[in-house]
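Step one of this worksheet: look at the structure below.
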Amino acid sequence: MAFADDWRRVRAIAWKDLTTERRSKAGFNGVVALGVTILMLFGFALGPDTQAIRDAAAGALWLAALFAAVLAFNRSYQVELESGALDPLLLYPGSRWAIFSGKLLANLSFVGLMLVIVVLVGIVLFQVTIPAAWPALIGVLVLGAIGICTLGTFYASMASRSRAREVLLPLLLFPMLVPALLAAMQASKALLGGDLMHEADAWIKLLIAYDVIFLIATHLAFEHVIEA
Amino acid sequence: MPPTANNWNFVIAAYVIAWVTLGGYWLFVHRAVRQARAQYDQAVSAAAKSEGTSK
Amino acid sequence: MNIDESAVTPAKATKRRPIAIAAVVVVVGVFGWLLYGGLDKNVVFFLTPQELLAKGTSGYDVPVRLGGQVKPGTVKWDDKTLRLTFDVTDGQSDIAVQSSGAPPQMFRDGQGVVVEGRFGRDHVFNSTGLMIKHSNEYRPPKAGEKPQEMYKTLIKGSGA
Amino acid sequence: MSTQSTSWVPPRAGRWPLFGAFTILFLIAGQVLGLTQSPADRDMGDLEKIIYVHVPAAWVMSVTFAIVMFYSLRYLWKRDERDDLAAAAAAEVGTLLNGLTLALGMIFGKPTWGVWWAWDARLTSTLVLFLIFIGYLSLREFVDDPERRAQWSAAVGILGAINVGIVYMSVRWWRTLHQMQSSPETVDATYVLALRVNAFAFLFLMIYFVRRRYESLCLVRAADHAAEAAALRGA
């Protein structure tokens, strides 16, 4: 029953964050626009070779998603910091991890929606042919989004309360995300190419392991991070 | 390029980088300790003075 | 000091300890699965000749790295065209490699190498980059043995 | 929230300057030994001399990050501010050695492997470790509240130091361009002595650096505490 209470808190926090986002659509639109802009810039950088663009599509998509997502993570705490709502939130009885889960859920929905739009635009811009194994590709997108959002939400809880948060969050986040990004990019690339060499499986396993490890580690560590 | 002629350049570069880095950090550490010691002594004497006046 | 000690340590810490231990066990378990569950396959820096040949047609014309030993007696160096050909072997299979330019100075018969490039349909590996993979052994030359003898005879007169 | 009182006195220099002087002499002896007394390797010739700086830097880097791990965990357990400062001192020295390892490795790699850099697991994981600890040091720089800084950097330090194990084992777990760890069986006896002397010289130097940095960080914090106390009393 204590768990049911925590779960109610998780949903309440997630719902509150998403409602705030829905009321001010400017944030979401801005983040999506940034993601699409980065995709376009990758298109220029790769030049007129259609095959080269297709080969690089997976990497470009994930990097565009990552850069756009970083903006969302800082925002998710910024709203509370500006209105001073974080301290009363911490004073409520119940587990601290529920705050983290709620924030994570909200960020996941936000980034997930952004990812859907960016991927659709990317498929058109980079002239990607959708592979037969598209359900697996969606699985990779979900797993990759979980990995990025878990650590992103965790590090943003620190970075957003420091000076120079714009610099600090990517600096802390990107090196830790290397395994997840590498796995997500390689799995997407393999699946887009028809997975001829059967590489995707191993990369997806790595993604699952990464997600499980850091979901647990961040939930445990969050208590130490938020109380200070 | 003859195989071994340039090797000493690499060896010298490696040792110079190692010595300059470690030596530079050595100087930095000692300057930091000196400055911190001065800062601490000053703070303690200032605190002692304020304690004397407030009593 | 004794005042903040109680404020800082959460009162629930002892109650939640079993959950924390279970969580650590899961993390360690997943990490073990990562290491010993065959996940190492995708982090390899290069393929051996046998692995590349086993890929069949999907191994052709894609950028890969190939690693193995330089098969003794197969090295041919043309100092006019700066063309270097040799076989890379893993003891079971050999693949002919074509490269250009003078190789790194440790290149010799039996040396470990990694080549970057594409494996052509003509079963010749077209290398765009050649790296030496040396062992973890460090030994001075034995009496009468001169270091890098092989390289000197290979590149002699090329002026490169 | 920063109501921690100073029940501790900052550490003194004590006999550490003497230890520092001894370390310098030891290091000079080790470097001279390596440069003059080791014969050229049969394959890489004189390049073999680079191992007397590259390998000790890499080894001692791992030890230093283990110290970060130890003091970060101890801080979360005991909540003693000095443990946080010790972890910070070790992280700074570890990052320095990590950067040195990378730079010397590149200089070693060009003439022996033929490339400055390769994206294999050992090199990439070492670079990631370096970037994580650059992030750690920036975090300390950008957070002003001491207690908050201590808790956050402990979390980041522990997550980062886990990578040391991955870096160390990467050459065994995965197929890399970097060779496996050397051992006395794979290294000729004429090299082992110089390698050991230099490894201990780097270790002593690291201990000296960490201790002196810890000392200066403690002094700065104690000065802050004294100023705070004086301000409270004056008010």
Side-chain angles (χ1 to χ4, degrees), chain B, chain D residues 10 12-13 16-17 20 23-24 27 31 34-35 40 44-54 56-57 89 92-93 96-97 99-100 103-108 110-112 202 205 208-213 215-231 233-235:
Chain B
M1 105 187 150
T4 48
N6 284 332
N7 281 356
W8 275 105
N9 293 347
F10 286 101
V11 175
I12 290 165
Y15 275 82
V16 166
I17 286 179
W19 291 343
V20 166
T21 311
L22 295 176
Y25 192 69
W26 176 278
L27 296 178
F28 165 76
V29 166
H30 284 95
R31 208 188 51 202
V33 172
R34 228 176 16 251
Q35 284 174 354
R37 179 75 62 189
Q39 197 181 335
Y40 175 70
D41 290 343
Q42 200 194 348
V44 168
S45 66
K49 219 175 285 167
S50 78
E51 198 165 2
T53 52
S54 66
K55 260 177 193 166
Chain D
R12 297 177 178 285
W16 283 97
T23 299
I24 288 290
L27 182 65
Q31 300 277 286
L35 278 173
M44 53 179 78
D46 296 316
L47 291 169
E48 158 271 332
K49 296 192 164 41
I50 300 178
I51 64 172
Y52 304 120
V53 277
H54 171 68
E92 191 180 285
V93 178
L96 181 89
L97 289 171
L100 198 57
L104 298 178
M106 287 166 92
I107 292 174
F108 205 3
K110 181 60 187 171
T112 54
F202 271 66
L205 192 63
Y208 180 73
F209 279 160
V210 172
R211 174 56 175 65
R212 295 317 295 270
R213 272 308 273 156
E215 191 181 321
S216 65
L217 292 174
C218 279
L219 282 166
V220 170
R221 280 300 299 147
D224 290 349
H225 284 309
E228 254 170 57
R233 229 178 278 120

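Chain identifiers are assigned alphabetically (A, B, ...) following the order of the sequence lines, protein sequences preceding nucleic acid strands; residue numbering begins at 1 within each chain. What you see is a predicted model, and the numbers here were worked out from it, not measured in a lab.
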Of the non-hydrogen atoms in B:V33 and D:E215, which two are nearest, and what is the gap between them? CG1-OE2, 3.8 Å
List the atom of D:R212, the atom of B:H30, and the distance in Å for their closest heavy-atom pair. NH1-NE2, 4.1 Å
Output the distance between atom [atom1] ([X]) and atom [atom2] ([Y]), rounded to the nearest 0.5 Å.
X	Y	atom1	atom2	value
D:D224	B:Y40	CG	OH	12.0 Å
B:R34	D:S216	CZ	OG	11.5 Å
B:N7	D:L47	CG	CG	3.5 Å
D:L97	B:L22	CG	CG	7.0 Å
B:I12	D:I107	CD1	CD1	11.5 Å
D:H54	B:I17	NE2	CD1	13.0 Å

If one checks every heavy atom of D:Y52 against chain B at 4.5 Å, the contacting part turns out to be both
Less than 4.5 Å to any heavy atom of chain B: does that hold for the side chain of D:I24, its backbone, both, or neither? side chain
If you tally heavy-atom pairs under 4.5 Å against chain D, which of B:A36, B:A43, B:A32 wins? B:A36
Could you tell me which portion of B:W26 (side chain, backbone, both or neither) has an atom closer than 4.5 angstrom to a non-hydrogen atom of chain D? both
Let's test your reading of the structure: which of [options] forms the most heavy-atom pairs below 4.5 Å with chain B?
options	result
D:V220, D:L104, D:L35	D:L35
D:E92, D:E48, D:K110	D:E92
D:A103, D:A227, D:P10	D:P10

Any side-chain heavy-atom pair of D:K49 and B:W8 under 4.5 Å: yes
Suppose we screen for ring-ring contact (aromatic ring centres under 6.0 Å, His included). Which residues come up paired with D:F209, at least two apart in sequence or across chains? B:Y25
